[in-house]
Amino acid sequence: AVARGDIGAHFPDTDPRWRGADSRHFLRRCAQLLREREWRLVNADLTLIAEGPRIGPYRVAMQAHIAHDLGCETHRINLKATTSEGLGALGRGEGLAAQAVVLLAHESGGSNGH
């Protein structure tokens, strides 16, 4: 959204230093890129798609960590989970997926970020 390329441009999967890296590092770098371009997070709606584990017991802590890493208030982060109802690789428990819808605002009040 701030025209800085995709995750592979910043953390190429061919670079061994990112193998096994804490994903929070990537999130903090995204927050830094936002600040550098004078953008701020308005809100984030996050969905985890997996047959398990259940996130209920961890939801509040996860929201707090995400908000902290993004430098925003916890109430700006909505985290929910769903399953794929047993369909496909996710339904067989072979992985998980995440979707994020994020609203950003430019600090100047303009929309072009320049």
Query raised in the report: Side chains of Glu51 and Ser84: do they bring a donor and an acceptor to under 3.5 Å?
Result: yes
Requested in this report: Classify the side-chain pair Arg35/Gln32 by whether it contains a donor and acceptor separated by less than 3.5 Å.
Outcome: no
Can a donor-acceptor pair be found, under 3.5 Å and without considering hydrogens, that links the side chain of [X] to the backbone of [Y]?
{"X": "Thr47", "Y": "Lys80", "answer": "no"}
{"X": "His106", "Y": "Arg37", "answer": "yes"}
{"X": "Arg76", "Y": "Val42", "answer": "yes"}
{"X": "His68", "Y": "Gln63", "answer": "no"}
{"X": "Arg59", "Y": "Leu79", "answer": "yes"}

Common cluster, [X]/[Y], ILVMFWY with side-chain heavy-atom separation under 4.5 Å:
{"X": "Trp39", "Y": "Leu33", "value": "no"}
{"X": "Leu41", "Y": "Met62", "value": "yes"}
{"X": "Leu46", "Y": "Ile55", "value": "yes"}

Report summary line: All heavy atoms of Ala67 vs all of Thr74, minimum pair found to be CB-CA, 3.7 Å
Query raised in the report: So which heavy atom on Pro16 is nearest to which on Thr14, and how close?
Result: CD-O, 3.4 Å
Let me confirm one number: the [atom1]-[atom2] distance from [X] to [Y], rounded to the nearest 0.5 Å.
{"X": "Ile7", "Y": "Phe26", "atom1": "CD1", "atom2": "CZ", "result": "6.0 Å"}
{"X": "Glu107", "Y": "Leu34", "atom1": "CD", "atom2": "CG", "result": "10.0 Å"}
{"X": "Leu96", "Y": "Thr83", "atom1": "CG", "atom2": "OG1", "result": "12.5 Å"}
{"X": "Arg40", "Y": "Cys72", "atom1": "CZ", "atom2": "SG", "result": "10.5 Å"}
{"X": "Glu85", "Y": "Leu90", "atom1": "CD", "atom2": "CG", "result": "12.0 Å"}

Query raised in the report: Got a sec: does the CZ of Arg24 have more than 12 other heavy atoms crowding it under 6.0 Å?
Result: yes
**Report entry** Ionic contact status for Asp15 with Arg17, cut-off 4.0 Å
**Finding:** yes
Query raised in the report: Can you check whether Asn43 reaches Asn78 side chain to side chain, under 4.5 Å on heavy atoms?
Result: no
Query raised in the report: Within a strict 4.5 Å, meaning less than it, do heavy atoms of the Ile66 and Leu27 side chains meet?
Result: yes
Query - Criterion side chain to side chain contact (heavy atoms under 4.5 Å, CB included) on Ile77 and Leu70, from CA distance to verdict - result: CA-CA 10 Å; Ile77 307 297; Leu70 290 173; 4.1 Å; yes
Query raised in the report: Are the aromatic rings of His25 and Phe11 close, with centres under 6.0 Å apart?
Result: yes
